[in-house]
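Quantities reported herein were computed from a predicted structural model and do not represent experimental measurements. Below, each value reflects all heavy atoms present in this structure, side chains not excepted, and no hydrogens, waters or symmetry copies.
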Amino acid sequence: MVTNFDDLDLDKKYSYADYLTWKFQERLEIIKGKIFKMSPAPSTLLQKVSSNITGILWNEFKSHKCKLFSAPFDVRLLDKKKSTLDKDIFTVVQPDLCVICNEEKLDARGAFGAPELVIEILSPGNSNKEMKYKFDLYEEAGVLEYWIVNPENRTLFIYTLQNNQFIGLHPLIEEDTIASPLFPQLDFILEEIFK
């Protein structure tokens with residue numbers, strides 16, 4: 001059991017089984033066995049944006065079979081081996097928000113498998129991870145729709161999975177209406193999430 005983040009060897013490859021034994025306060029994600037320390041507590045702006053999106057989506061999904069989850073919520077993603085053993089899972093992430101429609105993907109520890117929709121909200125400390133590593137990861141895992149929200153610029157990028165590849169829609173700015181290809185009922189003006 002590891003009780004101090006500094007005791008981890010950041011050059012080592014870790015699995016979800018390792019992750020379950022760690023007993024320290026720092027939040028982190030494992031992407032393909034590599035540790036990524038999460039940003040410190042989110043800024044007030046990020047918290048506001050996250051709360052606004054949560055409110056809008058909760059209202060839309062409260063009577064729907066699909067359910068909304070927010071961080072911290074572990075999402076375990078399979079690698080190419082497709083093994084379900086904790087020791088063979090090398091990716092566990094905590095998206096800011098995600099929507100899961102298949103109840104079989106849920107267990108007491110979070111989700112096992114790709115959510116249908118993942119929403120990541122950029123902050124100064126995580127932009128590169130969301131824009132590069134997680135984009136590739138979510139595409140490979142089969143996330144059907146991926147939103148990247150930039151609170152500083154008040155913009156939203158929506159990517160949909162087509163033929164195993166993310167296709168970007170036209171970037172959205174405050175006065176644009178969000179129209180989710182996957183969930184058409186999500187139809188609101190982007191400005192609502194930045195109030």
Side-chain angles (χ1 to χ4, degrees), residues 29-34 36 49-50 52-54 56-61 63-71 73-84 88-106 110-123 126-151 153-194:
E29 296 174 305
I30 302 174
I31 298 177
K32 299 189 180 214
K34 183 175 171 42
F36 287 85
V49 170
S50 181
N52 289 342
I53 297 171
T54 299
I56 293 167
L57 270 60
W58 180 86
N59 196 43
E60 292 297 333
F61 288 110
S63 302
H64 198 277
K65 74 170 189 151
C66 299
K67 298 300 172 203
L68 175 67
F69 297 91
S70 60
F73 179 75
D74 286 347
V75 175
R76 291 159 282 156
L77 299 174
L78 296 171
D79 66 2
K80 301 245 189 271
K81 288 193 227 173
K82 305 289 186 211
S83 171
T84 60
D88 294 328
I89 298 170
F90 294 99
T91 298
V92 57
V93 292
Q94 294 186 355
D96 290 313
L97 297 160
C98 65
V99 173
I100 297 175
C101 299
N102 182 349
E103 203 170 293
E104 291 178 9
K105 291 181 181 178
L106 300 172
F112 186 77
E116 280 69 19
L117 170 64
V118 169
I119 301 170
E120 294 285 8
I121 304 168
L122 300 182
S123 66
N126 74 359
S127 297
N128 290 340
K129 184 170 62 168
E130 265 67 11
M131 298 295 286
K132 166 101 177 97
Y133 300 114
K134 283 191 171 180
F135 181 96
D136 295 341
L137 180 70
Y138 293 149
E139 181 181 69
E140 183 181 311
V143 170
L144 299 178
E145 191 166 302
Y146 179 34
W147 296 9
I148 299 175
V149 180
N150 187 329
N153 296 339
R154 297 177 171 242
T155 55
L156 170 68
F157 299 90
I158 297 177
Y159 300 91
T160 62
L161 195 67
Q162 297 174 21
N163 299 318
N164 299 316
Q165 189 171 21
F166 276 143
I167 304 298
L169 304 182
H170 193 280
L172 301 175
I173 58 174
E174 279 184 280
E175 63 261 19
D176 290 332
T177 299
I178 292 176
S180 165
L182 186 60
F183 298 108
Q185 74 270 29
L186 297 179
D187 185 7
F188 56 93
I189 296 177
L190 184 60
E191 181 182 28
E192 290 182 41
I193 70 173
F194 298 118

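Between F61 and F183, the ring planes lie perpendicular to each other; the angle is over 60°, past the 30° to 60° tilted range.
Taking S63 as the reference, nothing meets the side-chain contact (heavy atoms from CB on, under 4.5 Å) condition, with sequence neighbours excluded. Legend: residues meeting side-chain contact (heavy atoms from CB on, under 4.5 Å) with N52, ordered by chain and number and at least two apart, are I193, K195. Annotation: salt bridge (Lys or Arg N to Asp or Glu O under 4.0 Å) contacts of D136 (sequence neighbours excluded): K132. Listed by chain and residue number, nothing satisfies the side-chain hydrogen bond (donor to acceptor under 3.5 Å, both in side chains) test with N150 (two or more places apart in sequence, or in another chain). F73 is linked by a ring pair (Phe, Tyr, Trp, His ring centres under 6.0 Å) to F69, counting only residues two or more places apart in sequence or in another chain. Taking the salt bridge (Lys or Arg N to Asp or Glu O under 4.0 Å) definition, one finds that K32 meets it with E140, sequence neighbours left out. In this structure, the side-chain hydrogen bond (donor to acceptor under 3.5 Å, both in side chains) partners of N59, at least two apart in sequence or on a different chain, are K62. With sequence neighbours excluded, no residue satisfies salt bridge (Lys or Arg N to Asp or Glu O under 4.0 Å) with E145. The salt bridge (Lys or Arg N to Asp or Glu O under 4.0 Å) test applied to K105 returns E116, not counting sequence neighbours.
Annotation: side chain of V149 is in contact with side chain of I121 (closest heavy-atom distance under 4.5 Å). Here the side chains of Y146 and E139 are not in contact, with every heavy-atom distance at 4.5 Å or above. The shortest side-chain heavy-atom distance between S70 and L97 falls under the 4.5 Å cut-off.
The neighbour count for E103 CD, taken as heavy atoms of other residues, nucleotides or ligands under 6.0 Å away, does not exceed 12. Within a 6.0 Å radius of NZ in K34, other residues, nucleotides and ligands contribute 12 heavy atoms or fewer.
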W147 and L186: CA distance, side-chain angles, deciding distance, side chain to side chain contact (heavy atoms under 4.5 Å, CB included) verdict
CA-CA 13 Å; W147 296 9; L186 297 179; 4.1 Å; yes
Test side chain to side chain contact (heavy atoms under 4.5 Å, CB included) applied to E60 and F188, step by step
CA-CA 11 Å; E60 292 297 333; F188 56 93; over 6 Å; no
Apply side chain to side chain contact (heavy atoms under 4.5 Å, CB included) to L117 and L57, showing your working.
CA-CA 11 Å; L117 170 64; L57 270 60; 4.3 Å; yes
Compile the donor-acceptor pairs under 3.5 Å between side chains in residues 154-167 and protein atoms, sequence neighbours left out, one pair per line.
{"from": "R154", "atom 1": "NH1", "to": "E174", "atom 2": "OE2", "distance (Å)": "2.8"}
{"from": "T160", "atom 1": "OG1", "to": "Q162", "atom 2": "NE2", "distance (Å)": "3.1"}

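Taken from CD1 in I53 to CD in E192, the straight-line distance is 11.5 Å, to the nearest 0.5 Å. Between atom CD1 of residue I31 and atom OH of residue Y133 there is a gap of 8.5 Å, rounded to the nearest 0.5 Å. For the atom pair OG1 (T91) and CZ (R76), the distance works out to 12.5 Å, reported to the nearest 0.5 Å. Expressed to the nearest 0.5 Å, how far SG of C101 lies from CG of L144 amounts to 8.5 Å. Taken from CD1 in I30 to CG in D74, the straight-line distance is 9.0 Å, to the nearest 0.5 Å.
P95 approaches V75 most closely through the heavy-atom pair CD-CG2, 3.7 Å. Nearest heavy-atom pair across P151 and L122 is CD-O, 3.4 Å. When all heavy atoms are compared, the tightest approach of L137 to V93 is CD2-CG1, 3.8 Å.
With F112 as the partner, the side-chain contact (heavy atoms from CB on, under 4.5 Å) test is satisfied by one option alone out of I100, L78, L106: L78.
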